[in-house]
Amino acid sequence: MASLISSLLVVSILLAVARLSAASTTRHYKFDITMQKVTKLCKSKSIVTVNGQFPGPRIVAREGDRIIVKVVNHVRYNITMHCVHHSVPHPNEPDLRLQLHRNGPERHDVVARPRVLVTGHGEWFNADPEAIISQALRTGAGPNVSDAFTINGLPGPFYNCSKKDTFKLKVKPGKTYLLRLINAALNDEFFFSIANHSLTVVETDACYVKPLDVDVVLVTPGQTTNVLLRTASALPNASFLLAIRPYATGQGTFDNTTAAGILEYQNSNGRSSLKNIPLFKPKLPALNDTAYAANYSGRLRRLADAWHPVDVPQAVDRRFFFTVGLGADPCPKNQTCQGPNGTKFAASINNVSFTMPTTALLQEHYQRRSHVYRADFPEEPLFFYNFTGTPPNNTFVEHGTRAVRLPFNTSVEVVLQGTSVLGAESHPMHLHGHNFYVVGRGFGNFDPVDDPSRFNLVDPVERNTVGVPVGGWLAVRFRADNPGVWLMHCHIDVHLSWGLRMTWVVDDGPLPNQKLPPPPSDLPTC
Ligand SMILES: *[C@@H]1O[C@H](CO)[C@@H](O)[C@H](O)[C@H]1NC(C)=O
Ligand SMILES: *[C@@H]1O[C@H](CO)[C@@H](O)[C@H](O)[C@H]1NC(C)=O
Ligand SMILES: *[C@@H]1O[C@H](CO)[C@@H](O)[C@H](O)[C@H]1NC(C)=O
Ligand SMILES: *[C@@H]1O[C@H](CO)[C@@H](O)[C@H](O)[C@H]1NC(C)=O
Ligand SMILES: *[C@@H]1O[C@H](CO)[C@@H](O)[C@H](O)[C@H]1NC(C)=O
Ligand SMILES: *[C@@H]1O[C@H](CO)[C@@H](O)[C@H](O)[C@H]1NC(C)=O
Ligand SMILES: *[C@@H]1O[C@H](CO)[C@@H](O)[C@H](O)[C@H]1NC(C)=O
Ligand SMILES: *[C@@H]1O[C@H](CO)[C@@H](O)[C@H](O)[C@H]1NC(C)=O
Ligand SMILES: *[C@@H]1O[C@H](CO)[C@@H](O)[C@H](O)[C@H]1NC(C)=O
Ligand SMILES: *[C@@H]1O[C@H](CO)[C@@H](O)[C@H](O)[C@H]1NC(C)=O
Ligand SMILES: *[C@@H]1O[C@H](CO)[C@@H](O)[C@H](O)[C@H]1NC(C)=O
Ligand SMILES: *[C@@H]1O[C@H](CO)[C@@H](O)[C@H](O)[C@H]1NC(C)=O
Ligand SMILES: [Cu+2]
């Protein structure tokens, strides 16, 4: 099976869901998976593409639509299709207008029809990413880092041979734009900023937040963020760089380069004012600016009012305490390993490194044949230590396909505790099938006595991917109201490959619409 890495790298399909109720339609797409020669950073190589495009094509649909995609794989790899699914509020959506209108008269006049601009951020590898991941899994070391970052597939002026490969965001003065930021990178969290322009965060992972004015946005792999960009009232005789560079917390080497695009003002005739001169650069936080990251994340609050009711579980049925972090596997006898101290890197939750079964968990669950997983995932670590202090001298992980089974509608609290085993690191944890509310966060070890009293149960940010602070913890709550089998995992692809994932099995509810639908009748049998 082709690893997630290459498919994620090149097949970033943008699914724009406009949330406007209208008669539903069926939309047909055909995807041909082909190799395509691409030249970047003075080097050419063949990459896996959808319909020859990099970044991949966009599917546009409205909520309630039926999308049928016919995928034909013409390449020699097995492919995992991964849809970077994100919702873009329709410009006429009453909800969006309402939110913006209530943000004061200054914003009132300009946002009747914000233009939606999508910027996907990713990495570029000169080498074949398949070769990189398989080398890493073989040697047990960290994978080679990327050679560049990209904005909508373009690295920009700070890289060799890339001046013409620069993303241009063309805007007009005196307008408000909705910028959709998508981190489609494998292994990098990004700071994003635009010179001389502040941004207003209005939505994270398709959930509204209280408008937050910032100069720099932090987006982890798997996260999406909508920001409003207000352009200067008059045509400035200047251009402005927009840039991404990583927020890096791990101990290994990382790609510390900067991808940039240009915010280019145009007059009403569509002509640029003065070509790129002068060009202002944004100020980005230091690569390890954890204080900024914590402050930014801590300020996000869900929009909570009569129009946007918050449904944070106030009472909790099941509490879980999960350690998330790195670990090691012994080196196989006949191999030489290049991981920590001659071992192989691994990663785990509660010291269980997830083994992906070869048969589909959802299918096994539906057919009530649970022999591929055990519903005994530990509710807490088997032994407690100073998680953010000196790590234990045995860093080996266990392996297993273990799940937590939850009755329908269970209200769940999970404390995710980062560990310092083989280096503390920020882990952007992603839950499938549900959103969660981020009710608490902090540095050091979670204190079960004092910390819960400070939980925000009023307007915590709601999302589906959130960074566990480096050397710290995070508390989330969600209601298990979506029957099925759902992975929760770190969205750093290398950590995911090393096993930093587990599964929730959510049982059916009593009502007909609370049951897992059967698989399609034409599902191939194995
Ligand atoms: C692709 O998947 C099929 C079926 O699981 C398997 O037989 C085949 O070896 C895989 N091919 C590659 C190149 O991994
Ligand atoms: C990874 O980097 C090392 C050191 O630069 C290099 O020798 C190796 O060939 C690279 N691996 C791949 C798969 O490109
Ligand atoms: C970029 O080009 C310069 C000058 O040709 C060269 O010295 C440098 O090694 C190149 N950098 C990369 C990353 O290829
Ligand atoms: C952009 O900001 C810099 C300082 O960060 C300032 O010197 C410059 O005048 C600004 N340019 C414009 C066109 O606003
Ligand atoms: C830009 O230059 C034009 C022509 O030189 C001038 O009329 C205009 O006022 C300048 N705009 C700003 C914002 O300085
Ligand atoms: C990036 O890393 C290289 C190599 O480790 C180092 O020489 C360089 O100074 C770093 N650049 C920045 C901006 O940190
Ligand atoms: C961040 O990196 C700088 C330069 O490498 C270093 O001096 C500083 O101590 C680091 N800060 C943190 C919080 O790790
Ligand atoms: C963020 O920083 C500001 C200014 O330093 C401070 O007032 C605020 O309390 C901080 N917020 C959080 C959540 O850390
Ligand atoms: C090492 O041993 C394992 C199991 O004993 C075997 O599957 C594998 O092919 C061997 N690898 C090498 C490089 O000999
Ligand atoms: C590396 O392994 C050796 C032998 O198992 C052990 O004595 C040593 O303490 C280990 N070093 C580290 C840094 O873990
Ligand atoms: C855990 O380790 C950290 C870092 O060494 C230390 O500051 C903290 O006091 C320790 N906590 C406990 C409970 O021992
Ligand atoms: C590992 O830790 C245990 C308990 O903390 C201690 O008893 C043992 O001596 C340590 N072993 C080594 C090799 O440091
Ligand atoms: Cu991680």
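Hydrogens, waters and symmetry mates play no part in the numbers below; they use all other heavy atoms, side chains included. We count ligands from 1, going down the list as the structure has it; atoms in each ligand are counted the same way.
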State the atoms of ligand 8, each with its element, that fall below the 4.0 Å cut-off from a heavy-atom position in Gly298. 13 (C)
Can you check atom 14 (O) of ligand 6: any protein non-hydrogen atom closer than 4.0 Å? yes
Option passing salt bridge (charged side-chain N to carboxylate O under 4.0 Å, His left out) with Glu462 (candidates Arg301, Arg302, Arg479, Arg477): Arg302
Reference residue His489; test side-chain hydrogen bond (donor to acceptor under 3.5 Å, both in side chains); the match among His432, His427, Arg501: His432
At what distance is the nearest protein heavy atom to atom 9 (O) of ligand 6, and which residue and atom is it? Asn256 ND2, 4.7 Å
Any protein heavy atom sitting closer than 4.0 Å to atom 11 (N) of ligand 8? yes
One residue to check: Leu287. Relative to ligand 6, which of side chain, backbone, both or neither has a non-hydrogen atom less than 4.0 Å away? side chain
Just need the protein heavy atom nearest to atom 1 (C) of ligand 4, so name the residue and atom and give the distance. Asn196 ND2, 1.5 Å
Between Gln135 (side chain) and Ile132 (backbone), is there a donor-acceptor pair under 3.5 Å? no
Kindly indicate whether atom 7 (O) of ligand 8 is approached by any protein heavy atom to under 4.0 angstrom. no
Distance-only side-chain donor-acceptor flag, Thr410 / Asp317, under 3.5 Å: no
Main-chain N/O of Val439 paired with Asn456 side-chain donor or acceptor, under 3.5 Å: no
Does any N or O of ligand 4 fall below 3.5 Å from an N or O anywhere on Lys283, backbone included? no
In this structure, atom 5 (O) of ligand 8 is nearest to the protein heavy atom Asn295 ND2, 4.6 Å
Test your reading of the model: is there a side-chain donor-acceptor pair from Ser239 to the backbone of Leu279, 3.5 Å cut-off? no
Can you check atom 3 (C) of ligand 6: any protein non-hydrogen atom closer than 4.0 Å? yes
Pair Thr257-Asp255, side-chain hydrogen bond (donor to acceptor under 3.5 Å, both in side chains): steps then yes or no: CA-CA 6 Å; Thr257 60; Asp255 181 348; 2.6 Å; yes
